[in-house]
Amino acid sequence: MGPLTAYFFRDRRIERTLGFASLFLAVVLLLAQAAPVAAGGSLDKITERGYLIWGSDAEGGAPYVFPDPRDPSHLIGFEVDLADAIAKRLGVKARQGQNAWDSLIPALKRGDFDIVMNGIEITPQRKEEVLFSLPYYVYTEQLVVRKDDNTISAIGDLKGKKAGTLSGTVAQEILTKGGGIDVRIYSGQVEPYEDLAIGRIDGVLLDLPIAAYYGKTNPKLRYAGGPIGEGYYGIAIRKGNDDLKAKIDGILAELLRSGELKRIYQKWDLWGPPQEKLTRLYREKTGFVGLEESRKAPLSTFLPALLKGAGITILISSTSMALAISLGLLLTVCRLYGRPPLSTLSTAYIEVYRGTPLLIQLYILYYGLPNIGISLSPVTAAFLGLGMNYAAYEAEIYRAGIIAVPKGQMEAALSLGMSQGLALRRVVLPQALRIATPGVTNDFIALFKDSSLVSVIAMVELTKTYSILAASTLRFFELGLIAAILYFCMSYPLSILARRLEERLKGGGR
Amino acid sequence: MIRVRGLRKSYGGQLLFRRLDLDISKGEVVVLIGPSGSGKSSFLRCVNGLESFEEGEVTVGGIALHSIRGRSRAEGEAIRRVRLKVGMVFQQFNLFPHMSVIGNIVEAPVRVLGVDRETAAIEARKLLRRINIEGKADSYPGELSGGEQQRVAIARALAMRPEAMLFDEPTSSLDPEMVGEVLSVIRDLVGEGMTTVIATHEMGFAREVADRVVVFDKGEIVETGPPEEIFSHPKTERTRAFLSRVLPG
Ligand SMILES: Nc1ncnc2c1ncn2[C@@H]1O[C@H](COP(=O)(O)OP(=O)(O)OP(=O)(O)O)[C@@H](O)[C@H]1O
Ligand SMILES: [Mg+2]
């Protein structure tokens with residue numbers, strides 16, 4: 001601590017107090033940095049690294065990419081097969097990178113993945129943002145309605161009715177242009193069909209593979225009219241990576257020529273446009289997994305994946321709580337005992353972080369910072385996002401603790417010749433922290449649950465694992481119970497601890 | 001030893017001391033009396049820098065404190081040096097509840113004076129013997145009676161080997177049966193020749209130990225003199241009025 005801090009603080013001992021807090025902070029930050037860093041990009045890097053990171057969203061992702069119901073820690077889907085085939089020809093292995101579907105392109109642009117392949121339609125708007133490979137699939141849109149509703153047989157019949165689709169899709173554009181349709185935007189592919197079946201909406205327009213897997217399989221639903229529109233899925237590649245694009249184009253052409261692409265699509269029953277054939281055949285095909293099967297799989301098959309998610313939840317929550325505890329202390333001390341610029345800055349930090357949604361803070365940290373050249377890995381962003389947010393709350397808890405220590409304590413310490421910093425460190429803070437402990441422990445429990453928010457920045461923790469599995473099996477209830485039990489098992493010991501601490505405090509004494 | 005000149009002090013626009021002068025020489029025992037709110041505590045707190053003041057000068061053992069407006073580094077250092085010369089005992093004891101009795105006593109010698117912990121602990125035990133609570137060295141303040149706590153607070157101040165002691169109503173928050181034990185510790189201290197300033201409502205004790213009694217009223221010193229004079233032949237009406245209120249009969 002140098003002359004700079006000497007200027008900011010009235011007392012040199014406070015600097016030492018801060019020294020400890022910032023040392024702890026530094027260690028925590030260092031640990032966070034040890035986490036895996038973001039993927040790079042170009043062809044050479046991929047070869048050097050030995051694997052190709054392809055971005056996609058496994059949540060509700062059948063038949064594109066989704067967890068194998070027989071082994072949920074393992075992803076399957078026609079895009080998984082395609083990614084493996086491409087990687088093999090690049091001489092590397094394929095590795096899936098998870099993110100929410102509508103954030104895949106931003107994540108690609110900031111360098112999380114080498115490519116994105118997840119039913120991304122080639123559109124002029126997207127072409128301005130990224131490069132596209134040659135098309136690897138020709139899709140059509142399919143309208144699905146309820147069997148008992150015979151008023152709708154084409155898009156035109158949807159006027160004045162409610163129709164669901166996914167955000168950012170070509171289907172959304174078609175519906176919007178249809179005019180007079182109340183368009184409901186969903187972020188997963190399962191929910192629109194569920195809502196349709198129970199009558200919340202009147203139709204769902206989505207890409208045929210989705211309609212075939214999630215719509216046609218529902219006994220309450222039927223196709224309305226034939227396929228509409230036609231477009232191409234392409235592999236998205238970051239701008240500037242032309243060498244990678246050229247290589248992938250070559251590989252796709254080869255896969256098509258050799259018949260391997262056809263074999264992959266046949267395996268998933270996606271070859272050829274007639275959708276009737278698609279639904280009729282897919283149960284006969286080997287290696288194809290229907291919804292029924294995954295609905296019947298014993299719950300224990302999903303446990304390893306959920307436990308892994310729980311592990312990540314624990315990791316993220318405890319590291320970010322460590323950050324919150326130390327940064328919060330730093331903020332309080334600066335706020336209460338720092339000179340004006342420092343105290344005002346700390347107050348501003350606390351107010352801003354408490355006054356804005358955590359979700360937006362996470363988005364800015366993860367997707368916003370790359371705009372100014374700072375790219376954080378998902379783990380680092382999650383750790384910083386949660387930690388910095390909770391630091392503001394911890395700071396307030398500490399402040400309440402410090403205020404609760406009688407003024408006479410500081411005065412007695414000062415009258416013994418202690419400096420303000422020493423008095424703070426040895427007399428006031430130990431008492432204040434004791435008062436603050438139950439509050440901090442309670443916040444730790446809250447943070448455990450809030451950690452589910454980091455799934456928006458490509459972290460697959462417990463809640464995300466749950467929603468991915470539930471969406472592919474439709475077993476929201478049973479899997480939800482398991483996930484909830486896991487959360488409870490993690491937070492209950494903490495609340496017992498909080499209660500003990502509170503009781504001890506109430507008991508007075510030491 | 002302590003010299004106060006032209007002290008002016010107000011609380012948020014409310015003037016308390018207009019111009020206060022007082023000298024206390026080495027080894028002298030001065031007792032401050034006066035009605036509640038007359039400024040006894042404020043005076044003691046100005047002397048050891050716990051309160052700032054607007055004008056005048058407080059000098060303690062040759063170190064001068066000035067009106068503390070800017071609170072420069074040098075001034076902060078001066079205050080700390082003054083506090084090393086005078087010990088202070090509060091009405092509310094203000095022991096550190098998270099430290100044991102011995103911990104309370106050795107804390108400042110170790111952290112401020114740099115005495116090693118062993119030596120400080122030996123000294124602390126001697127002090128505990130002096131105040132008659134040797135057995136409670138490892139107890140915590142919450143486990144002690146008020147009288148014991150106040151005696152430990154005195155020991156804690158003495159451990160810094162001050163040249164003078166300030167007592168701000170040391171017995172006012174005690175149950176009557178504990179007043180005696182605290183007063184007897186102060187009496188011993190006075191007997192050893194410690195320069196002492198005591199603000200108190202214990203008139204009997206004031207009369208017994210004081211070399212000089214100073215009567216405060218509404219922020220002014222209305223009278224000062226030896227105890228027999230003040231108590232038997234008060235010169236001013238304000239002193240008489242005050243004494244007739246506090247003394248029975
Ligand atoms: N921190 C403060 N802020 C504002 N006014 C104060 C403060 N401390 C003391 N005063 C005022 O200053 C005056 C003198 O108070 P002080 O405590 O010095 O009197 P005292 O003689 O010690 O009284 P007592 O016998 O009740 O302890 C009172 O009017 C009091 O209200
Ligand atoms: Mg008082």
Side-chain angles (χ1 to χ4, degrees), chain A residues 1-17 19-20 337-340 343 398 401-402 404-437 501 503-510, chain B residues 41 44-45 47-51 70-73 75-77 79-100 103-114 138-144 149 152-153 156-162 165-166 168 173:
Chain A
M1 308 250 82
L4 188 67
T5 46
Y7 169 77
F8 283 121
F9 284 98
R10 299 193 184 105
D11 196 294
R12 191 166 287 147
R13 297 300 175 98
I14 294 185
E15 291 168 38
R16 216 189 295 161
T17 312
F20 285 118
Y337 302 97
R339 280 185 193 276
S343 53
Y398 293 141
I402 289 175
V405 175
K407 251 185 80 192
Q409 289 290 312
M410 176 59 102
E411 291 183 346
L414 291 179
S415 74
L416 286 168
M418 293 191 195
S419 65
Q420 198 188 27
L422 184 63
L424 194 62
R425 194 153 55 80
R426 294 289 304 171
V427 175
V428 177
L429 281 184
Q431 297 181 57
L433 295 186
R434 233 180 46 191
I435 298 171
T437 306
L501 289 169
E503 267 158 25
R504 225 174 101 175
L505 198 69
K506 246 186 268 156
R510 339 182 176 163
Chain B
S41 301
L44 291 176
R45 293 163 60 84
V47 167
N48 81 342
L50 282 179
E51 287 296 345
R71 273 228 161 167
S72 68
R73 281 218 139 195
E75 195 68 40
E77 210 30 58
I79 293 175
R80 243 166 52 76
R81 276 165 56 213
V82 164
R83 287 176 183 154
L84 291 176
K85 286 184 184 286
V86 297
M88 176 115 175
V89 173
F90 301 87
Q91 185 178 339
Q92 299 299 335
F93 330 137
N94 294 340
L95 290 181
F96 307 137
H98 58 300
M99 296 179 190
S100 65
N104 265 274
I105 298 174
V106 303
E107 181 67 15
V110 170
R111 303 266 164 190
V112 179
L113 301 179
D138 297 315
S139 304
Y140 280 76
E143 302 160 355
L144 301 183
Q149 289 193 51
V152 172
R156 179 175 69 175
L158 290 177
M160 293 298 284
R161 300 185 174 279
M165 286 286 286
L166 310 178
D168 189 3
S173 3

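Basis for what follows: all heavy atoms, side chains included, without hydrogens, waters or symmetry-related copies. Residue numbering restarts at 1 for every chain, and letters A, B, ... go by the order of the sequence lines.
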Can you say whether [X] sits under 4.5 Å from chain A via the side chain, the backbone, both, or neither, judging by heavy atoms?
X	value
B/R81	neither
B/L166	neither
B/F90	side chain

> So which of A/Q409, A/E411, A/M418, A/R426 has the biggest tally of heavy-atom pairs under 4.5 Å with chain B?
Replying inline: A/R426
> With B/V82, which residues qualify under side-chain contact (heavy atoms from CB on, under 4.5 Å), at least two apart?
Replying inline: B/V60, B/I63, B/L65, B/V86
>> I'd like to know whether B/S41 forms a side-chain hydrogen bond (donor to acceptor under 3.5 Å, both in side chains) with B/D168, so could you lay out the CA-CA distance, the side-chain angles of the two residues, the decisive distance to 0.1 Å, and finally the verdict.
In response: CA-CA 6 Å; B/S41 301; B/D168 189 3; 2.9 Å; yes
>> At a heavy-atom distance under 4.5 Å, which candidate from B/L95, B/N48, B/V89 has the highest pair count against chain A?
In response: B/L95
> Quick one: of B/R45, B/K85, B/Q92, B/M88, who has the most non-hydrogen atom pairs under 4.5 Å with chain A?
Replying inline: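 It is B/R45.
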> Residues two or more places apart in sequence or in another chain: which of them pass side chain to side chain donor-acceptor pair (under 3.5 Å) with B/N94?
Replying inline: none
>> Tell me if a side-chain donor or acceptor on B/E107 pairs with a main-chain N or O of B/N104 at a distance below 3.5 Å.
In response: no
>> I'd like to know if the side chain of B/S100 reaches the main chain of B/S139, judged simply by a donor and an acceptor atom lying under 3.5 Å from each other, with no hydrogens or angles considered.
In response: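 Pair absent, no side-chain N/O of B/S100 close to backbone of B/S139.
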